[in-house]
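Note: hydrogens, waters and symmetry copies are ignored here, and every other heavy atom, side chains too, is used.
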Amino acid sequence: MDRMNIMLFHSTYGLRPAVHASADRLRAAGHEVRVPDLFEGHTFETVEEGLAFKEEVGKDELLKRAVLAAAPYSDQGLVYAGFSFGASVAQTLALGDAKARGLLLLHGTSDIAETASVDELPVQLHVADPDPFESHDWLTSWYLQMQRTGADVEVYRYPGAGHLFTDPDLPDHDEDAAELAWKVSLGFLATL
């Protein structure tokens, strides 16, 4: 297994202990992981507080912070990964980085630019089923659009799990779904 350089982005809750624990899990599997703090130290107790902060800072500024965090390492061929909002950031960066090695999306996706094009980029999505932020219609459209970009996409759905089911500190947590998602994700990373 090759050692992957992973850029892991947090959700709208901010850079909380669960994100660091996830990074440690990836490191224990032999990968190098960076967890940039796009919210500059701010963390939130509710998704509504996080979304309000995200709107206040602005999408462009947050994307700029993500690009600046990834830029020093992008020549190494990064795997972009993220949770919910962080997954949308990871997706945007991966689709714009010709050297990206892979894209691991946990609990989220993003709009896809009409001009996006990749060369068989390996992509894996793990999402609750149903998910209040990722409707079935949206995910079908997203999947087809990602395929049109040239991505090689796998989608794993977790019936009955909450949106951020991998985070043990949130009510959404589903231990069985989380362990399965991590097992599949680590297997995915091992193939890159």
In short, S22 meets L8 closest at the heavy-atom pair CB-CD2, 4.3 Å
What distance separates L26 CG from I6 CD1, expressed to the nearest 0.5 Å? 4.5 Å
Under the rule for ring-ring contact (aromatic ring centres under 6.0 Å, His included), what residues qualify as partners of F85, not counting sequence neighbours? F39
What's the spacing between Y13 OH and L51 CG if we round to 0.5 Å? 9.0 Å
Could you go through L103 and V79, starting from their C-alpha distance and side-chain angles, then the distance that decides it, and tell me whether this counts as side-chain contact (heavy atoms from CB on, under 4.5 Å)? CA-CA 6 Å; L103 174 59; V79 173; over 6 Å; no
Any link between Y158 and V123 through a network of hydrophobic side chains (Ile, Leu, Val, Met, Phe, Trp, Tyr) touching at under 4.5 Å? no
Presence of salt bridge, E32 and R3, under 4.0 angstrom: yes
Would you say H136 and D131 make side-chain contact, with heavy atoms under 4.5 Å? no
Can you give me the closest heavy-atom contact between H20 and R27, atom names plus distance? O-NH1, 4.5 Å
Evaluate the side-chain proximity of E175 to H173: yes if any heavy-atom separation is below 4.5 Å, no if none is. yes
Joint cluster assignment, M7 & L62, ILVMFWY side-chain distance < 4.5 Å: yes
Qualifying salt bridge (charged side-chain N to carboxylate O under 4.0 Å, His left out) pairs, either residue in residues 162-171, two or more places apart: R16-D167
Pair R101-N5, side-chain contact (heavy atoms from CB on, under 4.5 Å): steps then yes or no: CA-CA 9 Å; R101 297 275 307 268; N5 289 301; over 6 Å; no
Does any part of the side chain of R157, heavy atoms only, come nearer than 4.5 Å to the side chain of L139, both counted from C-beta? yes
Candidate pair E45 and L170, rule side-chain contact (heavy atoms from CB on, under 4.5 Å), full reasoning: CA-CA 9 Å; E45 294 298 315; L170 296 176; over 6 Å; no
Closest heavy-atom pair and its distance - A66, V89: CB-CG1, 3.4 Å
Do the rings of F53 and H42 sit parallel, tilted or perpendicular, given the 30° and 60° boundaries? tilted
Could you report the tightest heavy-atom contact between A100 and A94, atom names first, then the distance? CB-O, 3.9 Å
Between OG1 on residue T149 and CD1 on residue I112, distance to nearest 0.5 Å: 6.5 Å
Would the H107 and F165 ring centres measure less than 6.0 Å apart? yes
I'd like a table of donor-acceptor pairs (distance under 3.5 Å, sequence neighbours excluded) in which one partner is a side-chain atom from residues 177-189, with atom names and distances.
unit_1, atom_1, unit_2, atom_2, d
E179, OE1, R25, NH1, 3.4
E179, OE2, R25, NH2, 3.0
S185, OG, H126, NE2, 3.1
S185, OG, A181, O, 2.7

Find the distance between CG (L104) and CG (L106) and round it off to the nearest 0.5 Å. 4.5 Å
Any pair counted as salt bridge (charged side-chain N to carboxylate O under 4.0 Å, His left out), so long as it reaches residues 102-119, sequence neighbours left out: none
What distance separates L63 CG from T92 OG1, expressed to the nearest 0.5 Å? 6.0 Å
Does V47 belong to the same Ile/Leu/Val/Met/Phe/Trp/Tyr cluster as L105, with side-chain heavy atoms less than 4.5 Å apart forming each link? no
Value for NE2 (H10) from CG (D37), rounded to nearest 0.5 Å, stands at 5.0 Å
Please find the pair of heavy atoms, one from L125 and one from T109, that lie closest to each other, and give the distance. CD2-CG2, 3.8 Å
Could you verify whether a donor N or O on one side chain and an acceptor N or O on the other, from W142 and Q147, lie under 3.5 Å apart? no
Mind jotting down which residue pairs meet the salt bridge (charged side-chain N to carboxylate O under 4.0 Å, His left out) criterion with at least one end in residues 60-77? Sequence neighbours excluded, please. E40-R65, E61-R65, D75-K99
Distance only, no hydrogens: is a donor on one side chain within 3.5 Å (strictly under) of an acceptor on the other, for S141 and Q145? yes
Under the side-chain contact (heavy atoms from CB on, under 4.5 Å) rule, what do S11 and L164 come out as? Steps first, then yes or no, please. CA-CA 9 Å; S11 74; L164 276 167; 4.0 Å; yes
Take a 6.0 Å sphere around CD of E154 and say whether it holds more than 12 heavy atoms from other residues, nucleotides or ligands. yes
If hydrophobic clusters are built from ILVMFWY residues whose side chains come within less than 4.5 Å, do L15 and V33 share one? yes
Going by the rule ring-ring contact (aromatic ring centres under 6.0 Å, His included), which residues pair with F133 if we only count those two or more places apart in sequence or in a different chain? H163
Group every Ile, Leu, Val, Met, Phe, Trp and Tyr by side-chain heavy-atom contacts under 4.5 Å, then state whether L68 and Y73 land in the same group. no
Give me the atom names and distance for the closest heavy-atom approach of Y80 to A70. CE2-CB, 4.0 Å
